[in-house]
Amino acid sequence: MAVETNQMRKFLNDPARVVKESLAGLAAAHGDLLRYDVAKQIIVRKDAPKKGKVALISGGGSGHEPLHGGFVGLGMLDAACPGEVFTSPVPEQMLAATKAVDGGAGVVHIVKNYTGDVLNFKMAAEDAADEGIKVTSVVIDDDVAVQDSLYTAGRRGVGATVLAEKIAGAAAESGADLAKVTDIVKRVNDRSRSFGVALSSCVPPASGKAIFDLPEGQVELGIGIHGEPGRRRAPLGSATEVVDVIVEAVLSDLKPKRGSKVLAFVNGMGGTPLLELYLLYGEVDKKLRAAGMEPVRNLVGSYITSLEMAGASLTVLELDEELTKYWDAPVHTAALRWGV
Amino acid sequence: MAVETNQMRKFLNDPARVVKESLAGLAAAHGDLLRYDVAKQIIVRKDAPKKGKVALISGGGSGHEPLHGGFVGLGMLDAACPGEVFTSPVPEQMLAATKAVDGGAGVVHIVKNYTGDVLNFKMAAEDAADEGIKVTSVVIDDDVAVQDSLYTAGRRGVGATVLAEKIAGAAAESGADLAKVTDIVKRVNDRSRSFGVALSSCVPPASGKAIFDLPEGQVELGIGIHGEPGRRRAPLGSATEVVDVIVEAVLSDLKPKRGSKVLAFVNGMGGTPLLELYLLYGEVDKKLRAAGMEPVRNLVGSYITSLEMAGASLTVLELDEELTKYWDAPVHTAALRWGV
Amino acid sequence: MDAATITSWMREIDASVRAERDHLVQLDAAIGDGDHGTNMTRGFAAVVQALDTDPGSPPGKLLILAGRTLVSTVGGASGPLWGSALRSGGRVLGDQEVFDGGQLVEVLAAALASVKDLGTAAVGDKTMVDALEPAVEKLRARLADGVPLGPALEDAAAAAEAGMRSTIPIQARKGRASYLGERSVGHQDPGATSTALVIRALQKAVVQQNS
Amino acid sequence: MDAATITSWMREIDASVRAERDHLVQLDAAIGDGDHGTNMTRGFAAVVQALDTDPGSPPGKLLILAGRTLVSTVGGASGPLWGSALRSGGRVLGDQEVFDGGQLVEVLAAALASVKDLGTAAVGDKTMVDALEPAVEKLRARLADGVPLGPALEDAAAAAEAGMRSTIPIQARKGRASYLGERSVGHQDPGATSTALVIRALQKAVVQQNS
Ligand SMILES: Nc1ncnc2c1ncn2[C@@H]1O[C@H](COP(=O)(O)OP(=O)(O)O)[C@@H](O)[C@H]1O
Ligand SMILES: Nc1ncnc2c1ncn2[C@@H]1O[C@H](COP(=O)(O)OP(=O)(O)O)[C@@H](O)[C@H]1O
Ligand SMILES: [Mg+2]
Ligand SMILES: [Mg+2]
Ligand SMILES: [Mg+2]
Ligand SMILES: [Mg+2]
């Protein structure tokens with residue numbers, strides 16, 4: 001093989017091209033669902049724009065796959081705008097995506113609450129409005145690890161993003177109007193809370209170095225999705241103990257009604273095997289029931305990730321009938337598919 | 001958190017209980033599809049036995065999730081027998097699974113070619129025959145890294161297992177008889193070849209130590225799915241170079257006809273993010289086309305894994321019309337779902 | 001000062017963020033996501049390229065072009081913030097071919113206002129504002145005192161550097177570092193660090209042109 | 001020898017594979033999948049427990065019970081191989097309450113035949129056969145020469161240990177280690193290693209009973 005060796009534990013050619021090459025692969029694998037506009041660096045649903053349908057777009061840094069490109073397709077997103085790894089995309093991408101998917105009924109921007117994402121989407125929304133497209137924006141901020149405050153950047157957007165894209169995507173597919181779809185995104189965000197933990201950091205291809213070091217036997221509590229350290233570090237306990245901390249953090253903030261039907265989403269950060277995620281789900285399910293919730297829907301897998309980080313997060317969404325109906329509705333994307 | 005800390009980078013309570021607890025979580029999450037028989041340690045399709053339907057079972061060591069429990073459900077497996085991590089299950093499990101799913105039309109045992117799996121399944125098949133159940137066994141051995149020979153243990157069973165379970169599962173669901181379903185498993189195995197590479201080893205919970213050490217910048221070529229080293233170690237080249245080696249290894253052995261329609265399955269070993277898997281798929285797709293194949297179907301994701309190993313494998317299946325039809329048929333399991 | 005001042009300012013920024021790339025990445029890895037050095041390097045490399053394609057423009061237009069280029073190539077928080085900053089600064093100069101020290105202060109003040117408006121950060125939040133605001137104030141004060149532009153810019157760059165260091169002991173309230181809460185204390189803010197480089201680059205560009 | 005011989009043999013194996021657990025895991029990690037120590041420990045712990053529930057049985061039945069227990073608790077390659085070995089060995093003794101050295105040879109020979117039949121391995125393939133076959137042959141030869149059982153078993157255990165070491169320089173042709181091809185050279189086979197422990201345990205059990 002090559003004389004000049006690749007010094008990262010990664011399959012890549014050139015760190016500067018990893019996002020583009022991965023998107024090209026996504027498009028090659030899922031040409032029936034989506035296309036990759038190389039010049040504009042956006043992933044667009046194959047049959048967009050759909051006349052009369054409210055369109056949904058999202059975007060953010062790459063490295064969180066399958067988010068967002070893996071969620072483009074029937075019943076979910078109309079387009080995704082991938083930035084460089086862990087770097088918000090630029091307004092031109094969002095504007096191009098907005099124009100590519102607008103079918104006349106308006107476009108909803110689903111924005112994770114990070115300063116970069118918020119500012120870039122804001123600029124794009126202003127540009128789109130200038131071009132006469134109806135745009136609404138909803139900022140997702142479900143991470144309870146971060147104290148909310150008027151004086152800070154607020155909470156991060158994490159797991160609820162996946163749920164909002166699925167549920168609002170189904171509403172849009174079923175013909176709901178711009179106000180309604182926007183409201184559904186907000187409702188999912190309002191009724192969701194998340195908390196994440198990490199057992200390792202991850203290595204962004206551009207720097208080739210782990211963002212932080214975490215010795216074995218330690219856990220970072222309250223992490224986001226950018227390989228960053230959490231709110232605090234603690235000795236790693238048993239899975240039961242870790243789940244105690246996570247569930248307590250989520251429920252004490254969500255304060256769901258006793259007897260609430262909930263969706264429990266156990267998410268892997270990219271490097272945690274399914275063996276462990278299901279073990280965690282078993283603990284979560286028990287704990288939610290003990291706390292008087294009924295986990296009537298669930299999602300277990302690596303859907304919003306930090307490259308190869310070892311870790312997991314829990315998102316709990318307090319369901320209602322309408323949200324449940326839209327969750328169950330058909331979806332056909334690279335990463336989520338049912339009913340079709 | 002706990003005073004006594006967990007010294008592995010894993011979410012677990014007790015290494016001796018990790019498989020059981022994970023299976024309990026799988027059952028809690030997917031109670032609509034399957035049930036977990038704790039005493040017998042088997043995962044059984046909810047509606048088994050299905051009268052008149054040929055049943056398929058598989059099994060092997062754990063640590064390869066979603067294989068096999070994640071593939072139990074409509075159009076795929078009727079039961080899975082999970083052993084300890086990387087340790088073949090015992091004949092009692094296979095016998096119990098065989099009895100639990102037999103609907104009178106016979107049971108196919110899909111066995112990956114490892115001495116342990118083969119011997120344990122052999123004993124179980126003899127016991128089942130003694131109890132009057134019609135059983136056929138097919139040994140999957142698609143790994144081209146291992147030279148086949150009369151005098152050795154032969155080739156390992158890897159990625160083709162997933163494809164055989166899906167395709168034969170669809171045949172069984174559609175009413176094919178025991179001989180036919182058995183033949184389909186064999187056909188998928190005969191027409192499939194695989195090759196895997198690793199960028200890291202993995203840590204079995206029982207020992208808490210990595211099976212081997214691989215410095216950054218090195219790759220193990222020709223690995224299996226048990227965290228073991230490969231046939232040789234080499235400096236890690238670019239993704240393009242790695243894919244060259246993989247595709248060459250697979251095609252030179254499969255020797256497909258020019259113009260063949262193939263299914264290309266890019267599989268992650270558990271710790272490799274989707275960003276990289278899609279990048280690899282892009283390269284594989286290009287190379288297969290350049291070699292005169294037409295990749296008309298694909299599967300990209302972590303479906304047959306080695307715990308948290310960083311690595312990937314390629315399986316190429318030379319399709320025919322019947323195999324394609326059964327691949328496309330509805331499937332509803334925890335890990336693969338479409339058409340329903 | 002004229003268009004050449006802007007061009008050499010941007011070239012100086014390009015050179016210094018590239019030289020400090022790994023350091024900025026390290027700082028951002030400690031309390032952010034480790035991309036600030038890559039972001040700034042990618043952005044200012046594109047700015048230098050863009051300016052090369054537009055040789056005849058007046059200084060204000062060059063700043064607007066630089067800002068637009070940052071917005072469309074950087075992403076992250078720093079892209080819109082620096083992009084808007086340079087665009088706002090450029091607008092102050094209109095179509096003028098030359099500008100003096102007093103006008104330079106207004107350019108920087110407009111840039112600062114734009115950053116604060118967009119990002120809603122104030123001094124003490126542990127952001128680029130902690131370096132930019134003292135630099136603008138120091139330059140304005142020194143020029144008002146009759147200090148010549150060269151030494152005044154030297155003092156402004158020193159003020160930016162002091163502002164950069166002032167971010168170390170404080171807890172972040174804006175940007176990614178705020179997610180760390182108390183764990184952000186003890187680390188220097190990457191954006192304040194690159195802001196100090198930007199002001200130092202301005203000082204160097206002006207000194208060079210006058211020598 | 002009688003049922004107590006079998007029980008103490010199994011207890012000796014249990015103690016020694018547990019003591020060598022990590023070593024066996026290490027050997028298996030080098031050329032297999034790192035579970036051999038855990039497999040053997042799990043299996044013989046279960047055997048000891050099973051024998052406790054069945055105090056009155058004759059030695060052959062105890063061996064069969066031990067074999068069945070291994071089959072149903074170990075899994076992997078070693079479960080069926082050792083399980084069948086002990087079951088076949090036990091069948092040789094039928095319902096006898098006591099057995100002599102010659103019969104012990106037949107027990108071990110049946111065990112070896114069963115391993116070879118199931119696993120199709122021969123000496124030189126780098127498996128447990130490399131330790132088991134020389135041990136059986138040595139015991140048979142020594143007893144035929146009129147050597148008393150104690151010293152004959154000592155020689156058999158030494159032969160198993162030599163067979164175990166003989167696996168180091170050769171390339172594996174059976175089991176997981178065969179997947180490594182040439183890379184299996186230079187490593188001692190874990191199954192041959194635990195087989196040497198099994199024979200050594202037999203020697204100890206017999207010596208103990210006679211002392
Ligand atoms: N709201 C804000 N106002 C002013 N500056 C900010 C704000 N948020 C972040 N910054 C600056 O941006 C810097 C980080 O930039 P960068 O790493 O390029 O973007 P990102 O945080 O999106 O990865 C921070 O160090 C900080 O100085
Ligand atoms: N075909 C065979 N015949 C005899 N012994 C074998 C055979 N295959 C494997 N073995 C023995 O089994 C040992 C491995 O046992 P173990 O690690 O418990 O099972 P597994 O290989 O399934 O993980 C090898 O070291 C070897 O001695
Ligand atoms: Mg960033
Ligand atoms: Mg094993
Ligand atoms: Mg950053
Ligand atoms: Mg083993």
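First the proteins, then the strands, lettered A, B, ... as listed; each starts at 1.
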key: Between D:V25, D:V71, D:T38, the one whose heavy-atom pairs under 4.5 Å with chain B are most numerous   = D:V71
request  = Kindly indicate whether a cation-pi arrangement holds for B:R156 with D:Y179, taking the cut-offs as under 6.0 Å to the six-membered ring centre and within 45° of the axis.
outcome  = yes
query = Relative to chain D, which segment of B:E228 carries a heavy atom at a distance below 4.5 Å: side chain, backbone, both, or neither?
reply = both
key: Audit row: B:M123, D:S84, side chain to side chain contact (heavy atoms under 4.5 Å, CB included) steps and yes/no   = CA-CA 10 Å; B:M123 291 186 163; D:S84 307; 3.0 Å; yes
note = Applying a strict 4.5 Å limit to non-hydrogen atoms, the region of D:A30 in contact with chain B is backbone
remark   = When the 4.5 angstrom heavy-atom criterion is applied to B:E220 and chain D, the contacting part is side chain
request  = Could you have a look at B:T87, B:T115, B:I223 and say which one has the most heavy-atom pairs with chain D under 4.5 angstrom?
outcome  = B:T87
ask   = Could you walk me through whether B:V90 and D:T73 pass the side chain to side chain contact (heavy atoms under 4.5 Å, CB included) check?
value = CA-CA 7 Å; B:V90 299; D:T73 56; 5.8 Å; no
request  = Could you tell me which of D:G181, D:G76, D:G75, D:A172 has the largest number of non-hydrogen atom pairs under 4.5 Å with chain B?
outcome  = D:G76
ask   = If every non-hydrogen atom of B:A153 is compared with every non-hydrogen atom of D:S178, which pair is closest and at what distance?
value = CB-OG, 3.7 Å
note = Tightest non-hydrogen contact, residues D:L180 and B:R231, listed as C-NH1, 4.1 Å
request  = To the nearest 0.5 Å, tell me how far B:F212 CZ sits from D:R183 CZ.
outcome  = 8.0 Å
note = dist D:S72:OG -> B:L95:CG (nearest 0.5 Å) comes out at 12.0 Å
inquiry  = Is B:N113 close to chain D through its backbone or its side chain, or both, or neither, when contacts mean heavy atoms under 4.5 Å?
reply    = backbone
ask   = Between B:G60, B:S207, B:P229, which has the largest tally of heavy atom pairs under 4.5 Å with chain D?
value = B:P229
query = Are there more than 12 heavy atoms of other residues, nucleotides or ligands under 6.0 Å from atom CG of B:D213?
reply = no
ask   = Which pair of non-hydrogen atoms, one from B:K122 and one from D:L118, has the smallest distance, and what is that distance?
value = NZ-CD1, 3.7 Å
query = Should the heavy atoms of other residues, nucleotides or ligands under 6.0 Å from CD of D:E97 be counted, would the total exceed 12?
reply = yes
task = Identify which of D:I31, D:N39, D:D28 forms the greatest number of heavy-atom pairs closer than 4.5 Å to chain B.
result = D:N39
key: Chi angles and distances behind the side chain to side chain contact (heavy atoms under 4.5 Å, CB included) call for D:Q26, B:K209   = CA-CA 9 Å; D:Q26 263 172 37; B:K209 296 203 192 72; 5.5 Å; no
ask   = Any side-chain heavy atom of B:E84 within less than 4.5 Å of one from D:D35?
value = no
